[in-house]
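Below: the structure, in structure tokens.
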Protein chains: 2
Amino acid sequence: MRREQDRRNAKVNELFERFLRDNRLKHTAQRLKIVQRAFSMPKHFSADDLYLVLRREKTYVSKATIYRTLKLLVEAHFLEELEVGVREPKIYEAISGREHHDHMICLGCGQIAEFSETAIEKLQEQAAKGSRFRVLSHSLKLFGLCAACDDSKA
Amino acid sequence: MRREQDRRNAKVNELFERFLRDNRLKHTAQRLKIVQRAFSMPKHFSADDLYLVLRREKTYVSKATIYRTLKLLVEAHFLEELEVGVREPKIYEAISGREHHDHMICLGCGQIAEFSETAIEKLQEQAAKGSRFRVLSHSLKLFGLCAACDDSKA
DNA sequence: TTATTTGCAAATGTTTTGCACACAT
DNA sequence: ATGTGTGCAAAACATTTGCAAATAA
């Protein structure tokens, strides 16, 4: 579905340009490259993954700029940030209108799978309400073994 | 309830000494001090908090030893480790036979409150089972504003 | 023109580690 | 005696930041 991918890219570009305009930010070659690639990366990637991909295709953008731009994209809700472990790099994923979801992280191979349970969300809200806590965001991660790693360990 | 606290300390000391014996680890002054204080700290503390408390009471233990011992205590299930943010220090809390619980972290004041919902746990298991994922542990954090911070912002 | 943005190198801050010495067993 | 544990300083390492040069508006 190359056509499909192209359409999505065009859409992202358009949204991003509007975002820049609206916030009086500058439209630079680096920012555009970063956004484009961020949306054609594997579902989960780190700042360094992106840096390396760009550089492999001869697009030299400094890491500082990668970090600054990813942060920008998270604030603008183009990307979501996922903390997998304290000393590990942050993982990013494109949002593109998808609903929030949670993650299952395999301790064997590092693979990250997604799931969502609106019922869980409801219970969270309920628990928070009990302490008059206003939930702004949440993070639910299951750590364990994916089917493949579990089998190979059996 | 000073009496109560003393009893708990005695119990922890006993359990810890058994743990050391069972694992053929050495019974050192530093380890004992660290464990004692870890169990009489505020509910949530960082390695550095503990380091500073010890040092205030003239117990000089190196940070390296604090870190090594806290790691040991987590492995031995005396303490649990809580990741509040990627670039923030890890937070520890004593377990002492309590059940697992989740956390609500106030973005205003940093306060950490606890809650637990067995219903959520059940739903997690269910979601995981769908992908043949074996859950070994999980982390659920709600980020938002505690009642006080929410009010002061209104 | 001028306020942003970039790239570089240096700083950050928590945690880990190598190594020589000290110490529990 | 000898294998562990400790303290120190240095390393690790993802991310951030100061600053001067480059560039979009």
Side-chain angles (χ1 to χ4, degrees), chain A residues 13 16-38 44-55 58-76 79-92 110, chain B residues 13 16-38 44-55 58-76 79-92 110:
Chain A
N13 283 346
F16 185 60
E17 307 220 345
R18 180 184 317 171
F19 166 72
L20 293 180
R21 236 179 298 118
D22 291 354
N23 293 81
R24 251 151 244 150
L25 294 171
K26 290 182 179 169
H27 177 120
T28 67
Q30 290 91 330
R31 281 176 175 166
L32 291 225
K33 296 281 191 172
I34 291 170
V35 180
Q36 278 176 204
R37 267 294 152 275
H44 300 102
F45 63 93
S46 67
D48 196 58
D49 292 338
L50 179 53
Y51 173 74
L52 259 21
V53 166
L54 287 174
R55 158 176 255 271
K58 311 289 182 228
T59 299
Y60 298 99
V61 180
S62 73
K63 277 203 180 169
T65 297
I66 301 264
Y67 279 112
R68 285 187 279 231
T69 305
L70 288 177
K71 178 185 276 191
L72 199 65
L73 290 171
V74 168
E75 285 163 7
L79 298 181
E80 206 162 83
E81 201 175 274
L82 172 59
E83 302 174 358
V84 173
V86 161
R87 293 297 128 200
E88 256 107 283
K90 289 178 191 162
I91 295 299
Y92 294 88
Chain B
N13 283 346
F16 184 61
E17 307 220 345
R18 180 185 317 169
F19 166 73
L20 292 181
R21 237 179 297 119
D22 291 353
N23 293 81
R24 249 150 249 154
L25 295 172
K26 291 182 178 167
H27 176 120
T28 69
Q30 290 91 329
R31 281 176 173 164
L32 292 224
K33 294 281 190 171
I34 291 171
V35 181
Q36 278 176 205
R37 266 294 153 275
H44 300 102
F45 63 94
S46 68
D48 196 58
D49 292 337
L50 179 53
Y51 172 74
L52 259 19
V53 166
L54 287 174
R55 158 176 254 270
K58 311 289 182 226
T59 299
Y60 298 99
V61 181
S62 73
K63 277 201 179 171
T65 297
I66 302 264
Y67 279 112
R68 286 186 279 232
T69 306
L70 288 178
K71 179 185 274 189
L72 199 65
L73 290 171
V74 168
E75 286 162 6
L79 298 181
E80 206 163 84
E81 201 174 274
L82 171 60
E83 302 175 359
V84 172
V86 161
R87 293 298 127 200
E88 256 106 283
K90 289 179 191 161
I91 296 300
Y92 295 87

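Heavy atoms only: backbone and side chains are in, while hydrogens, waters and symmetry mates are out. A note on names: the letters A, B, ... follow the listed sequences, proteins ahead of strands, and every chain is numbered from 1.
Taking each heavy atom of Gln36(B) and Asn13(B) in turn, the nearest pair found is CG-OD1, 3.5 Å. Closest approach of Leu70(A) to Phe45(A), counting heavy atoms only: CD2-CE1, 4.4 Å. Between Leu20(B) and His27(B), the closest heavy-atom pair is CD1-CA, 3.8 Å.
For the pair Glu88(B) CD and dT15(C) P, the computed distance is 10 Å after rounding to whole Å. What separates CG of Asn23(A) from C1' of dT4(C) is a distance of 14 Å, to the nearest Å. Distance Leu72(B) CG to dT4(D) P: 14 Å, rounded to the nearest Å. Atom CG in Asp49(B) sits roughly 13 Å away from atom C1' in dT14(C) (whole-Å rounding). We find that CZ of Arg31(B) is positioned 19 Å from P of dA22(C), with the value rounded to whole Å. If you measure from atom CD1 of Ile34(A) to atom P of dT6(C), you get 7 Å, rounded to the nearest angstrom. Look at CD on Glu83(A): it is 10 Å from P on dT15(D), rounded to the nearest Å. Atom OH of Tyr51(A) and atom C1' of dC8(C) are 11 Å apart (whole Å).
Residue Gln30(B) places no side-chain N or O under 4.0 Å from the OP1 or OP2 atom of dC23(C). For the OP1/OP2 pair of dT16(D) and a distance below 4.0 Å, the side-chain nitrogens and oxygens of Arg68(A) include no atom meeting the criterion. When the side-chain nitrogen and oxygen atoms of Tyr67(B) are compared with OP1 and OP2 of dT16(C), none of them lie within a distance under 4.0 Å. Note on Lys71(A): a side-chain N or O is less than 4.0 Å away from OP1 or OP2 of dT16(D). Close to dT6(D), at under 4.0 Å from its OP1 or OP2, lies no side-chain N or O of Ser62(B). Distances shorter than 4.0 Å separate none of the side-chain N or O atoms of Thr28(A) from OP1 or OP2 on dT4(C).
With a 4.5 Å cut-off on side-chain heavy atoms, His44(B) and Tyr92(B) do not count as touching.
The 5' end of DNA chain C is approached more closely, in terms of each residue's nearest nucleotide, by Ile66(A) than by the other of His27(B) and Ile66(A). Map Tyr60(B) and Ile91(A) each onto its nearest nucleotide of DNA chain D; the residue landing nearer the 5' end is Tyr60(B).
If you check every strand for non-hydrogen atoms under 4.0 Å, Lys90(B) touches sugar and phosphate atoms only.
Checking side-chain atoms of Arg37(B) against main-chain N and O of Leu50(B) turns up no donor-acceptor pair under 3.5 Å.
With hydrogens and angles ignored, a donor-acceptor pair under 3.5 angstrom links the side chain of Lys26(B) to the base of dG3(D).
Of the candidate nucleotides dT25(C), dT15(D), dT17(C), dT15(D) has the atom nearest to the side chain of Ala47(A).
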